[in-house]
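To start, the structure itself, in structure tokens.
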Amino acid sequence: MEKERILSGMRPTGRLHLGNYLGALSNWVKLQDRYECFFMIADWHTLTDRTDTKGLKQDIKDVLIDWLCAGLNPEKSTLFVQSHVPEHAELHLLLSMITPIPWLERCPTYKEKLEMGQENNYGLLGYPVLQAADILIYKANKVPVGEDQVAHLELSREIARRFNHLYDHVFPEPAPLLSETVKILGLDGKKKMGKSYDNYISLSEEPRIIEEKTQGMFTDPKKIYLGDPGHPQECNVYSYHQIFGKFLGENLEQIFKDCKEGALACTTCKKNLAHLLINYLAPFRQKRKELEKESLDKILNKGKEIASRLATSTLREVKKAMQML
Ligand code: TRP
């Protein structure tokens with residue numbers, strides 16, 4: 001039986017952090033054996049809110065390196081950069097002709113970005129149309145996405161339906177693949193981990209920085225001195241121990257008890273966490289050092305070749321259905 005096809009993408013935000021890994025990437029790694037996978041670095045999408053393109057090349061490379069460190073395997077999956085396959089842009093143009101503007105205006109991410117004061121440019125409004133082109137050009141059946149992307153995917157499905165109805169049945173309707181992922185809050189314990197909030201630990205973070213960042217973490221405000229009883233169930237540092245403790249075989253019950261009884265000082269608890277994270281991330285740092293010396297062009301060229309073949313063939317079908325060949 002043929003494997004179902006998956007496409008997903010990430011914008012090139014540079015080095016990835018624990019939130020990216022636990023929320024998406026670690027899941028992608030698992031999907032590689034069950035599906036035919038296409039993973040894309042969405043560099044065009046990043047231009048919707050980034051005019052300064054200095055450093056973009058390095059950011060793309062950094063994402064790719066972190067993907068490889070996490071276990072994405074170019075022998076199993078097609079890893080490529082969006083702009084290396086210009087067919088996406090042509091399909092985006094054609095799909096834009098059948099996408100009513102109100103569909104785009106009611107998109108929650110679009111509204112949020114405007115509220116945040118972002119420039120209301122044409123590309124930003126069309127973001128989901130480009131995303132639809134990314135997915136549909138590979139006739140992907142499934143798209144692993146986080147909850148914040150579900151509305152975008154719904155739009156891709158609507159655009160696919162509209163095209164199929166108006167012209168010919170070319171596109172399967174892509175379904176979201178919502179997997180069980182571990183949710184990790186940022187170091188501030190308030191927002192989700194994100195680069196723009198400066199509350200993250202990257203996969204390649206240096207041990208010294210991990211120590212600094214964890215020492216700065218917010219703990220239970222009711223616990224100030226050693227001896228004060230803590231409330232681990234409300235403490236972000238404890239939630240990190242819950243996520244990563246398994247890794248070094250920590251005795252979580254003991255930590256819980258010691259914190260509650262006041263036997264464990266927050267600074268010690270945070271030092272232990274730093275130790276845990278340094279160990280957890282050691283293989284990433286090691287692998288990154290090796291990969292940084294290599295040229296990764298071979299991987300991206302291979303990805304481009306495989307992706308282009310499929311994209312070109314779908315685009316032909318599209319144009320044929322539209323009587324444009
Ligand atoms: N919009 C996605 C994000 O910001 C990235 C993306 C671009 C994507 N094209 C895609 C994700 C296609 C899934 C499928 O995370």
Side-chain angles (χ1 to χ4, degrees), residues 4-17 19-28 31 35-50 56 59-60 62-64 66-67 70 72 77-92 95-96 99 104 107-113 116 118 123-160 171-179 181 192-197 200 303 307 310-311 314:
E4 283 194 301
R5 189 175 296 142
I6 271 185
L7 176 125
S8 201
M10 272 185 204
R11 281 173 298 157
T13 48
R15 294 184 180 210
L16 300 178
H17 53 65
N20 301 127
Y21 179 68
L22 297 176
L25 192 50
S26 59
N27 181 40
W28 291 7
L31 296 171
Y35 295 93
E36 180 191 0
C37 293
F38 285 74
F39 295 121
M40 174 189 81
I41 301 179
D43 56 344
W44 280 335
H45 273 111
T46 227
L47 300 178
T48 56
D49 62 6
R50 170 174 177 173
L56 185 55
D59 288 344
I60 291 171
D62 278 332
V63 170
L64 181 63
D66 282 338
W67 281 6
L72 287 190
S77 301
T78 301
L79 312 179
F80 70 104
V81 177
Q82 185 181 37
S83 68
H84 293 181
V85 188
E87 285 76 11
H88 291 223
E90 193 171 346
L91 183 59
H92 165 254
L95 296 179
S96 78
T99 309
L104 301 173
C107 205
T109 38
Y110 174 66
K111 289 196 261 183
E112 270 163 39
K113 296 216 158 164
M116 278 157 54
Q118 201 172 305
L124 183 67
L125 181 67
Y127 189 113
V129 187
L130 180 56
Q131 184 156 341
D134 296 337
I135 298 166
L136 299 178
I137 208 159
Y138 301 105
K139 299 189 179 182
N141 313 94
K142 298 260 167 63
V143 182
V145 286
E147 276 156 38
D148 59 325
Q149 294 290 322
V150 171
H152 284 161
L153 198 59
E154 189 46 49
L155 253 168
S156 299
R157 295 160 61 83
E158 279 178 84
I159 293 172
F171 302 120
E173 281 180 35
L177 190 66
L178 293 162
S179 319
T181 49
K192 89 175 207 192
M193 192 174 276
K195 276 221 155 153
S196 47
Y197 306 129
Y200 64 92
L310 198 52
T314 308

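In listed order, ligands and their atoms are each counted from 1. All values derive from a computational prediction rather than experimental measurement.
- Two rings, from F80 and Y138, have their centers less than 6.0 Å apart.
- Close contacts of ligand 1 with I135, meaning ligand atoms under 4.0 Å from a residue heavy atom, involve 12 (C), 14 (C).
- When heavy-atom distances to ligand 1 are checked against a 4.0 Å cut-off, V143 comes that close only through its side chain, counted from C-beta outward.
- Heavy atoms of other residues, nucleotides or ligands lying less than 6.0 angstrom from NZ of K192 number 12 at most.
- Under a 4.0 Å criterion applied to the non-hydrogen atoms of Y127, ligand 1 contributes the atoms 1 (N), 2 (C), 3 (C), 4 (O).
- Contact annotation: for Q82 versus ligand 1, there are no heavy atoms closer than 4.0 Å.
- Listed by number with element, the atoms of ligand 1 under 4.0 Å from a non-hydrogen atom of L7 are 12 (C), 14 (C).
- One N or O on the side chain of S8 and one on the backbone of P144 form a donor-acceptor pair closer than 3.5 Å.
- Close contacts of ligand 1 with S8, meaning ligand atoms under 4.0 Å from a residue heavy atom, involve 13 (C).
- Formation of a donor-acceptor pair under 3.5 Å by the N141 side chain with backbone atoms of R5 is found in this model.
- Here the side chain of T78 pairs no donor or acceptor atom with the backbone of F38 at under 3.5 angstrom.
- Every atom of ligand 1 with a heavy atom of H45 under 4.0 Å away is listed here by number and element: 7 (C), 9 (N).
- Between Q149 and ligand 1, at least one pair of N/O atoms sits closer than 3.5 Å.
- The distance from ligand 1 to the heavy atoms of A42 drops below 4.0 Å at these ligand atoms: 7 (C).
- The shortest contact between atom 9 (N) of ligand 1 and any protein heavy atom is with D134 OD2, 2.8 Å.
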